[in-house]
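Below: one structure, written as structure tokens.
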Amino acid sequence: MRTYLCFINYAVFCIYLNLSPKWLGVFLKNILVTGGAGFIGSHTVLCLLNGGFNVSVVDNLCNSSFESITRVESISKKTVVRHCIDITDDVALANLFQSGSFDVVVHFAGLKAVGESVSKPVEYYNSNVYGTLCLLRQMIDFDVKKLVFSSSATVYGEDAPTPYVETLPRGVTVNPYASSKAMSERLFEDFCIAQPDMSVSLLRYFNPIGAHSSGLIGENPLGVPNNLMPFMAQVAAGTRERLSVFGGDYPTPDGTCRRDYLHVMDLADGHVKALASLETPGCKVFNFGTGNPHSVLEMIHAFESVTGCVIPYDIVGRRNGDLAEFWADPTKAKNELDWVATRSVEEMIIDTWNWQILNPKGYEI
């Protein structure tokens, strides 16, 4: 009788959270999040905690801080187990898997700056490809068979038609960052062939921006930001003098690159929804984007309109590895995961600016 009542209470709780019945198989599991102290990782950890999962975070802190996790705990009123480990360290990673009992891995760990990858290819292949291989070895050894991977739309390559659809093949990648993601995807696909009971979801997402609405967690680049939104916010705040717009002669309506920007909280919610796809074995692919591209100049004008700040900028030469434009067809994620990006560009800017104002030095105390 007690077991029956517990199940009823549990089912009611799932309905309250608007969770579909397939969630019953993955709810309240132990999740290992690699790179969990980073921008997307920390927001996803928050969503996982709010969803009732038990979360452990691994991060080498090369471009992040555990202060983000401390703030996630403050928002959620829940605790996170944290480990300062580089996933390329086989011994430390093996000890972690031996000491824990993980049902699912959400894999963010890796380097992510397109421009930097062109000048530092060895570092990118070591971190993103070899690190993924090290992680897979431990998953095999410790019989962990479910994984969500933080991939990228850049794997579609320079010749892919827009909008990108999951049925397109991986294309010819134009920078080491994109190549490292494509190689990692192939590793997971081969792994699933060799291990038929393995389940992997490859999440190809586009350009996440924004921050949590509390202003407690957000994007915290160390040094000069590589992404448009944090750089623009720092210019608006007076931390930096001017914004460099890389290329004004692309074959786009205003000559600047167009990207599919989505709110990081929408993206984080998507990672939680993707866990349901792990109930069936095999390797699946999902696009996470809005399906609506915006140019760099459009984003500058939107930022100025929302915040009232003027963003001085210079149009400079193109950046190595950049594509003119790309955006998602997110239909598959909507149909199979019940995931849709709901937050507007204005909300992305408001939350970014709120984070910048409240944290002018990022996570620095």
Side-chain angles (χ1 to χ4, degrees), residues 29-42 44-45 48-49 53-70 72-73 79-113 116-117 120-152 176-177 179-195 197-203 222 271 275 278 283 363:
K29 294 281 184 129
N30 299 316
I31 314 291
L32 175 65
V33 182
T34 71
F39 174 45
I40 303 170
S42 58
T44 301
V45 168
L48 287 167
L49 292 172
F53 294 92
N54 305 312
V55 181
S56 297
V57 164
V58 167
D59 204 299
N60 68 359
L61 305 181
C62 72
N63 193 32
S64 59
S65 167
F66 275 143
E67 174 63 21
S68 65
I69 299 302
T70 299
V72 163
E73 292 175 326
T79 59
V80 177
V81 180
R82 59 189 84 179
H83 306 270
C84 185
I85 293 174
D86 192 308
I87 62 169
T88 62
D89 186 337
D90 272 320
V91 174
L93 200 58
N95 289 336
L96 171 65
F97 272 83
Q98 189 168 26
S99 64
S101 178
F102 306 117
D103 302 297
V104 183
V105 175
V106 180
H107 180 32
F108 293 103
L111 301 175
K112 64 176 185 178
E116 183 184 61
S117 76
K120 298 181 178 180
V122 173
E123 287 89 337
Y124 272 71
Y125 290 123
N126 182 70
S127 175
N128 296 4
V129 181
Y130 179 66
T132 295
L133 187 59
C134 291
L135 180 64
L136 275 173
R137 275 201 294 260
Q138 300 309 323
M139 291 180 66
I140 293 170
D141 289 348
F142 290 92
D143 200 34
V144 180
K145 298 185 180 296
K146 298 180 187 298
L147 180 140
V148 174
F149 177 54
S150 166
S151 190
S152 167
Y177 166 74
S179 298
S180 72
K181 289 296 186 180
M183 290 178 185
S184 296
E185 283 198 0
R186 182 59 188 269
L187 281 174
F188 287 123
E189 289 172 349
D190 290 343
F191 185 37
C192 287
I193 292 171
Q195 304 278 339
D197 57 347
M198 179 73 183
S199 183
V200 173
S201 279
L202 309 176
L203 307 186
L222 302 181
H271 283 78
L275 294 178
L278 302 180
C283 194
Y363 290 120

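All values below were derived from every heavy atom in this structure, side-chain atoms included, with hydrogens, water molecules and symmetry-related copies excluded.
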**Prompt:** When rounded to the nearest 0.5 angstrom, what is the spacing between CE in M139 and OG1 in T132?
**Reply:** 10.5 Å

**Asked** Rounded to the nearest 0.5 Å, how far does OG of S127 lie from CG of N60?
**Response** 7.0 Å

**Prompt:** Quick one: does S184's side chain have a donor or acceptor within less than 3.5 Å of a partner on N128's backbone?
**Reply:** yes

**Message:** Parallel, tilted or perpendicular: which one describes the rings of F102 and F97, with boundaries at 30° and 60°?
**Reply:** perpendicular

**Item:** Closest heavy-atom pair and its distance - V200, C192
**Value:** CG2-SG, 3.6 Å

**Item:** Donor-acceptor pair, side chain of K146 and main chain of V106, under 3.5 angstrom
**Value:** no

**Asked** Short question: side chain of D103, backbone of N30 - any donor-acceptor pair under 3.5 Å?
**Response** yes

**Validation row: L32, L96 side chains within 4.5 angstrom (heavy atoms)** = yes

**Residue pairs, two or more places apart or on separate chains, that pass salt bridge (charged side-chain N to carboxylate O under 4.0 Å, His left out) and touch residues 81-93** = E73-R82, D90-R137

**Prompt:** Would C134 and I87 count as a side-chain contact (heavy atoms from CB on, under 4.5 Å) if you check the C-alpha gap in whole Å, the side-chain angles of each, and the deciding distance to 0.1 Å?
**Reply:** CA-CA 7 Å; C134 291; I87 62 169; 5.5 Å; no

**Among L202, L135, V104, the one residue meeting side-chain contact (heavy atoms from CB on, under 4.5 Å) with L147** = L135

**Item:** Under the salt bridge (Lys or Arg N to Asp or Glu O under 4.0 Å) test, residues paired with E185 that sit two or more places apart
**Value:** R170, R204

**Prompt:** OG/S201 to NE2/H107 distance, rounded to the nearest 0.5 angstrom?
**Reply:** 14.5 Å

**Distance-only donor-acceptor check, side chains Y124 and E116, under 3.5 Å** = yes

**Message:** Less than 4.5 Å apart, side chain to side chain, heavy atoms only: is that true for L111 and C62?
**Reply:** yes

**Message:** Distance alone, cut at 3.5 Å: any donor-acceptor contact between the side chains of H83 and S56?
**Reply:** no

**Message:** Within the 4.5 Å heavy-atom criterion, are K181 and S150 side-chain neighbours or not?
**Reply:** yes

**Listed partners of F39 passing ring pair (Phe, Tyr, Trp, His ring centres under 6.0 Å), at least two apart** = H43

**Request:** For L61, check side-chain contact (heavy atoms from CB on, under 4.5 Å) against everything at least two apart and list the hits.
**Result:** A37, D59, S64, F66, C84

**Asked** D143: what forms a side-chain contact (heavy atoms from CB on, under 4.5 Å) with it, not counting sequence neighbours?
**Response** K145

**Validation row: T70, Y363 side chains within 4.5 angstrom (heavy atoms)** = no

**Prompt:** Looking at CG of D190 and CD of Q195, how far apart are the two atoms once the value is rounded to the nearest 0.5 Å?
**Reply:** 12.0 Å

**Item:** Atom pair CD1 (I69) and OG1 (T79), whose distance is rounded to the nearest 0.5 Å
**Value:** 11.5 Å

**Complete:** Hits for ring pair (Phe, Tyr, Trp, His ring centres under 6.0 Å) against F108, two or more places apart or cross-chain, chain-then-number order -> H271

**Prompt:** Can you find a heavy atom in the side chain of L275 that is under 4.5 Å from one in the side chain of F53?
**Reply:** yes

